[in-house]
Q: 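Mind looking over this structure? Questions follow.
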Amino acid sequence: MKNFVIQLKLMAKQKTFVITISAAIIFSVIFFLLNCISEFHSDLNDVWAAKYYFLGSSFGQSIPKSIYFTLFPFIAVIPFADSFFEEREKRTAEFCMARLSNHTYYFSKLFAVFCSGVIVAALPLLLNMLLNFIAFPLDSTATFTNFSYVNAGIFTDYAGKYIFKNLFLENIYLYNLLHTCFASLFSGLAAAVVYQLSFFYKRSRIMLICSFFIIYTFLEILLETFGLSEFCASTYIFGAQPIRGQSIRGMIVVFMLLAAAAILPIPFAKKRLNNFYE
């Protein structure tokens with residue numbers, strides 16, 4: 001536990017972590033302010049509820065939100081996933097392991113890397129959610145999504161394509177919070193995958209950081225091309241995406257494969273610690 005805390009402190013001091021989390025928070029705040037500006041001077045009866053301005057939801061798609069969705073897999077791995085690669089390059093890893101066992105070093109850093117991905121995903125989204133609570137009404141009759149008698153059937157059919165339909169219909173705020181957890185889990189696992197890869201790849205730190213984003217984007221395009229969006233990770237990271245063909249089966253497959261990519265290399269990566277300069 002002590003070594004895990006040390007790794008977290010090391011993560012917090014990392015320039016890449018500070019810059020990435022700061023940039024993500026600033027983007028979250030700017031996105032909130034843009035929504036505020038767009039509704040400035042609007043009649044309160046025409047303003048949507050806070051739940052529809054959430055950065056982590058596909059409601060009210062916009063260019064800034066699309067940019068965030070696209071870059072999300074890249075943002076997840078920047079803060080700390082390459083920390084072992086950096087320590088190996090600077091030849092400081094051996095000094096770290098001289099004070100503790102390879103086992104302790106490996107797992108304490110792995111958990112810290114996972115946490116870095118979770119934090120960089122969760123903090124900006126939760127902040128955006130909180131700011132929306134402050135600025136916008138918690139409920140509204142501005143759209144059919146608030147169950148006007150005329151359009152309630154349309155909304156129910158629309159929501160019927162979600163795997164968490166009942167939660168979506170009963171409490172969209174909890175639905176958004178659930179998908180924030182999914183986004184955070186995805187981000188943490190993505191960072192762990194790149195950390196595992198760093199034990200086997202030595203050439204370019206930039207390519208290491210970009211590796212997950214490249215593979216993720218390639219798979220997304222490939223699956224979309226063959227009509228298999230059900231198995232696209234992006235279908236489950238953010239909420240309110242009925243056109244993507246959500247299913248419990250698809251969600252389980254996506255997260256099981258990602259978890260496998262983060263966990264299965266463990267015995268092989270630990271062996272590499274014995275001669276990691278070779």
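Nothing fancy with the numbering, it's 1 onward along the sequence. In what follows, every heavy atom counts, from backbone to side chain, and hydrogens, waters and symmetry copies are set aside.
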Q: Check for me, please, whether F200 and Y105 land in the same ILVMFWY cluster - side-chain distances under 4.5 Å, paths through other members count.
A: yes
Q: Assess whether side chain to side chain contact (heavy atoms under 4.5 Å, CB included) is satisfied between I252 and I248, documenting all intermediate values.
A: CA-CA 6 Å; I252 292 175; I248 291 292; 3.6 Å; yes
Q: Decide if the gap between the ring center of Y68 and the ring center of F31 is smaller than 6.0 angstrom.
A: no
Q: Less than 6.0 angstrom separating the ring centers of Y53 and F136, yes or no?
A: yes
Q: Taking all atoms of both residues into account, what is the closest heavy-atom pair of F133 and L138, and its distance?
A: CD2-CD2, 3.8 Å
Q: Say whether, by atom type as modelled, one donor and one acceptor occur between the side chain of N128 and the main chain of P124 under 3.5 angstrom.
A: no
Q: Just so I know, are the side chains of F212 and I215 near enough to count as touching, which here means a heavy-atom distance under 4.5 Å?
A: no
Q: Ring centres of Y162 and Y175 under 6.0 Å apart?
A: yes
Q: Any link between I67 and L127 through a network of hydrophobic side chains (Ile, Leu, Val, Met, Phe, Trp, Tyr) touching at under 4.5 Å?
A: yes
Q: Taking S108 for its side chain and F4 for its backbone only, find out whether a donor-acceptor pair lies under 3.5 Å.
A: no
Q: Within the distance-only criterion (no hydrogens, no angle test), does the side chain of E220 pair as donor or acceptor with the backbone N or O of A233 below 3.5 angstrom?
A: yes
Q: Over 60° means perpendicular and under 30° means parallel, so classify the ring planes of H179 and F164, tilted if in between.
A: perpendicular
Q: Counting only N and O atoms by type, is there a donor-acceptor contact under 3.5 Å from the side chain of D82 to the main-chain atoms of I209?
A: no
Q: How long is the gap from CG on L177 to CG on L167, to the nearest 0.5 Å?
A: 9.5 Å
Q: Report whether L126 and I26 are members of the same hydrophobic cluster (ILVMFWY, side-chain heavy atoms less than 4.5 Å apart, transitive linking).
A: no
Q: Would you say the side-chain atoms of Q246 pair up with the backbone N or O of T235, donor to acceptor, closer than 3.5 Å?
A: yes
Q: Considering all heavy atoms of both residues, which atom of F231 and which atom of V254 are nearest to each other, and what is their separation?
A: O-CG2, 3.4 Å
Q: Under a single-linkage definition using a 4.5 Å side-chain heavy-atom cutoff for Ile, Leu, Val, Met, Phe, Trp and Tyr, are V194 and I206 assigned to the same hydrophobic cluster?
A: no
Q: Please evaluate residues L55 and M129 with respect to the criterion side chain to side chain contact (heavy atoms under 4.5 Å, CB included), reporting the C-alpha separation (whole Å), side-chain torsions for both, the decisive distance (0.1 Å), and the verdict.
A: CA-CA 8 Å; L55 177 60; M129 187 182 293; over 6 Å; no
Q: Ring centres under 6.0 Å, that's the criterion: do F182 and Y236 meet it?
A: no
Q: For residues V47 and P137, determine if any side-chain heavy atom of one lies less than 4.5 Å from a side-chain heavy atom of the other.
A: yes
Q: Looking at side-chain heavy atoms only, is the closest gap between V118 and L185 below 4.5 Å?
A: no
Q: Is it true that, when you exclude I63 itself, more than 12 heavy atoms of the residues, nucleotides or ligands shown sit nearer than 6.0 Å to its CD1?
A: no
Q: What is the minimum heavy-atom distance between S116 and P79, and which atoms define it?
A: CB-CB, 4.2 Å
Q: Are F54 and Y173 near enough that their ring centres are under 6.0 Å apart?
A: no
Q: Tell me if a side-chain donor or acceptor on Q196 pairs with a main-chain N or O of A262 at a distance below 3.5 Å.
A: yes
Q: State the CG-NZ distance between L34 and K65, to the nearest 0.5 angstrom.
A: 11.5 Å
Q: When rounded to the nearest 0.5 angstrom, what is the spacing between CZ in F114 and CZ in F80?
A: 14.5 Å
Q: State, yes or no, whether a side-chain contact exists between M251 and E230 at a heavy-atom distance under 4.5 Å.
A: no
Q: Are the side chain of S187 and the backbone N or O of A183 linked by a donor-acceptor pair below 3.5 Å?
A: no
Q: Provide the closest heavy-atom pair for A190 versus V77 in the form atom of the first, atom of the second, distance.
A: O-CG1, 3.7 Å
Q: So, do F268 and R272 sit near enough that their side-chain heavy atoms are less than 4.5 Å apart?
A: no
Q: How about F84 and F199: are their ring centres within less than 6.0 Å of each other?
A: yes
Q: For E89 and R205, what are the C-alpha separation, side-chain angles and deciding distance, and is it a salt bridge (charged side-chain N to carboxylate O under 4.0 Å, His left out)?
A: CA-CA 9 Å; E89 289 290 294; R205 185 179 179 185; over 6 Å; no
Q: Taking S204 for its side chain and M207 for its backbone only, find out whether a donor-acceptor pair lies under 3.5 Å.
A: yes
Q: Distance from E224 atom CD to C232 atom SG, nearest 0.5 Å?
A: 4.5 Å
Q: Please report the closest heavy-atom contact between K270 and Y106, naming both atoms and the distance.
A: CG-CD2, 3.7 Å
Q: Looking at side-chain heavy atoms only, is the closest gap between L174 and L178 below 4.5 Å?
A: no
Q: Within a 6.0 Å radius of atom CD1 on I134, are there more than 12 heavy atoms belonging to other residues, nucleotides or ligands?
A: yes
Q: L208 and I214: same hydrophobic cluster, using ILVMFWY side-chain contacts below 4.5 Å?
A: yes
Q: Any sub-3.5 Å donor-acceptor pair from S28's side-chain atoms to A24's backbone N or O?
A: no
Q: Testing the basics here: between F74 and C210, what is the closest heavy-atom pair and its distance to 0.1 Å?
A: CE1-SG, 3.9 Å
